[in-house]
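Just so it is clear, the values below take in all heavy atoms, side chains as well, and ignore hydrogens, waters and symmetry mates.
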There are 2 protein chains.
Amino acid sequence: MQTAQRASAPRPASLDTVLTYAWGAGEFTATDAMSAVRLTRSTTIEALDTLARLGLLTELPNARAVGDYRKGRPARRFAFHADAGIVIGIDAGHVHLDGMAADLRGTVLARVHTELGIEHDTAEERRAAVGVAIDDLIRRAGRDAGDALAICVGVPAPVDRFGVSPIQRDGFWQRMNPDLVDALADRAPLVRVENDASLAAIAEGVAGAAAGCENYVALLAGGRLGSGVVVDGRLLWGAHGGVGEMRALDHVDGVGGAVGLGHRAKEWAREAIRDGDLDPRGALAALRPEALEGGTVLELAAQGDPDAMRIATQVGTVLARVVRVLHSMYDPEIVVICGGVSSGMGLVVDTARELLATSLDFESPRIVVSQLGADVVAKGAVAAAVELARSHALDLLYPTPAAGA
Amino acid sequence: MQTAQRASAPRPASLDTVLTYAWGAGEFTATDAMSAVRLTRSTTIEALDTLARLGLLTELPNARAVGDYRKGRPARRFAFHADAGIVIGIDAGHVHLDGMAADLRGTVLARVHTELGIEHDTAEERRAAVGVAIDDLIRRAGRDAGDALAICVGVPAPVDRFGVSPIQRDGFWQRMNPDLVDALADRAPLVRVENDASLAAIAEGVAGAAAGCENYVALLAGGRLGSGVVVDGRLLWGAHGGVGEMRALDHVDGVGGAVGLGHRAKEWAREAIRDGDLDPRGALAALRPEALEGGTVLELAAQGDPDAMRIATQVGTVLARVVRVLHSMYDPEIVVICGGVSSGMGLVVDTARELLATSLDFESPRIVVSQLGADVVAKGAVAAAVELARSHALDLLYPTPAAGA
DNA sequence: CTGATTGATTTGATGACTAAATAAATGTGT
DNA sequence: ACACATTTATTTAGTCATCAAATCAATCAG
């Protein structure tokens, strides 16, 4: 017998093509789809019918939409069925947890927010907290467990492409990512665990400052610097997920560590208050150092307070040096400053821009402040989960020939 | 009329599959190919016949190879026709030019070496020099101009994915890469211009220390530090080809610039000789500082000369810091030290390894010394040219339906 | 000279996709 | 109201890459 193993059961490529189009489109006619995917009418309609049968498309009854009347036989109209399932995106930070449930297009259906409390910082409790958040989200979205197609969780630790974090001496990374891929495997068919800054990068790339950009870095700049790196259109991991960890900043002049920009503003301001090193009539001098936050300092700087401005300039100098490193290693077009601190960053960024304008060998990256707010990571997690669902929906739904022995 | 544009004229996928197999195999039978590519006999043989007709395969007449006799009908035997064309790989350094012509498997057929001389450092002369080298190589390989399928040139400048280098103030990069992609367009259907360190990375990945590795950095460590970076199995460019340029080393403690390791050894040794800061009975003290080369110092260190060893240790300290930066930005599994200096690097590397063993957050990269010698870049250029030819051979040869209006 | 064995060739599906003909549903002009 | 152009849907044949099974060819072992 001449053995001949068929390749893994294929499916019409047209299904994937048409689904990808539909996922990104609103309501559309068969003709719209046909010209978008460049297939013949027969093939396109065949695919549309199949996708509708699988529940991924809805055929809209209104053959002739209101107002939009034209001559000829009325076109069949379809729309992607964004409620065919839900996705879950979670930012599982060190002391807080932000979660969102969304439909298959990423429209948010429900949110949760939990403060974790430093005293519950164990692998077991963290796993449980994430699980509870997921259950909550599904319930609040009015769906049940089986509807969750994809879950993505962001953690403040390096994560490799399989969702595994490297082992670290003090066990911090293991606590932040207590084998979440395995722990969540029974909650959805598709699970992805990812570094938080990488998810910020995804968020910025999908609908933020870096939309359409192939080379950029998302700098999570609040409590601790972390970066999500996209080069040549791809998010980078590295051997252990360590790309962008930036420990090397410890050894860069005038940076001295991966401490975040907000944190620096806070510390310098506190120091200055304590040292009495401020204009006594200024706004900063009046504040209690213990209660001061980095964001406040930057806000004051934006309002023109001279003392705060001096600190903001100092922070800008650090930012310039960080960007210089990023530029020389990753050559990005854009560096997006993300995270909680991003509202009052104007002066900081202007300072950095000015310092970089003349000092780089070639075109310096644009530094922009994220518009996505403190939710970037969770938004990125949702986007990643949507993408996961999109790329695997047919694997899950399309009938496979019964796997024989 | 219902318009229906066909997608770009397709070709049987089996052709590509079978060709890829054949390119990497020696002599083989139809059955060998069949089981390797997992297609049926009919499909495989159809593809083999087509490829033979296109000149990419030779059918070997010896149906029954000597000694290898077996029962049954004799199998048809084929071999990839590595002489169906040639490729050219060139290392166009600042003051030297190394070139190789090779067959489609990368077996070297001819070499050229030219010293360029600093006085001829203009865009025009460099373009001409590369052209002359190519003509020479083709002639020495005993072929003619039409046989060159692919040319790859490595230059000491950032190069983006289209072969373009960014504009630099002093014009150095423009001189190093004087629009070579355009200049060479009429010499072969496939042309690629690439950064020299990136080609070193390709060489190490194809047949060097990083074979089979998905995350590594090739560090060109002679005259000036440059790095070729492979992350997640892909060579990185960045927006302007600047990935791995390492200008940021200017600001890293104890590194202070992208000066190469060999260069540092030389300078420190010269300084020490001049300052009389050496054991007068040692080997170094006897040498004339002007004639000293970095390689010599490292050789002496390898032979146990205490003064040279001190310098090598110093160089190792720098290397450790450089690797620390690479580790924290790219998270490689391996860092390969390439280039001319690599012979006496033992002590340097040992020092670096020791310093890194305890100081990194997670698994530190293996530091290894390249075995590919001073030719790495040219070898990488050949490998890149072969790959270029392999991936586009059928585009060039397979008959396309006449392009109509 | 008869099988057994190994591989080549032939012949007939299958399935994704295209291409062209035909049918349906609507507006327009007389 | 009725022919007719227009737009889209549906049907019916093809084409092409690939597979599957049957048949043919060439060899060795007895």
Between [atom2] of [N] and [atom1] of [X], the distance in whole Å:
X     : N      : atom1 : atom2 : value
B:R73 : C:dG7  : CZ    : C1'   : 6 Å
A:I45 : D:dA9  : CD1   : P     : 5 Å
B:R38 : D:dA20 : CZ    : P     : 12 Å
B:F28 : C:dG7  : CZ    : P     : 15 Å
B:E46 : D:dA17 : CD    : P     : 8 Å
A:L48 : D:dA9  : CG    : P     : 9 Å
A:M34 : C:dC17 : CE    : C1'   : 13 Å
A:R77 : D:dT7  : CZ    : P     : 16 Å

Is the distance from OP1 or OP2 of [N] to the nearest side-chain N or O of [X] less than 4.0 Å?
X     : N      : value
A:T29 : D:dT8  : no
A:T40 : C:dA16 : no
B:T43 : D:dC19 : yes
B:R41 : D:dC19 : no
B:R76 : C:dT9  : yes

Carboxylate-amine/guanidinium contact [X] [Y], below 4.0 Å:
X      : Y      : answer
B:R161 : A:E214 : yes
B:R77  : B:D32  : no
A:E59  : A:R76  : yes

- Query: With a non-hydrogen cut-off below 4.0 angstrom, is B:T31 in contact with a base, only sugar-phosphate, or nothing?
  - Reply: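 Sugar-phosphate contact only - B:T31 comes under 4.0 Å of backbone atoms but never of a base.
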- Item | Derivation of the side chain to side chain contact (heavy atoms under 4.5 Å, CB included) call for B:V164 and B:V181 | CA-CA 8 Å; B:V164 176; B:V181 170; 6.0 Å; no
- Query: For the residue pair A:Y21 and A:F28, is the inter-centroid distance of their aromatic rings smaller than 6.0 Å?
  - Reply: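 Yes - the distance between ring centres of A:Y21 and A:F28 falls below the 6.0 Å cut-off.
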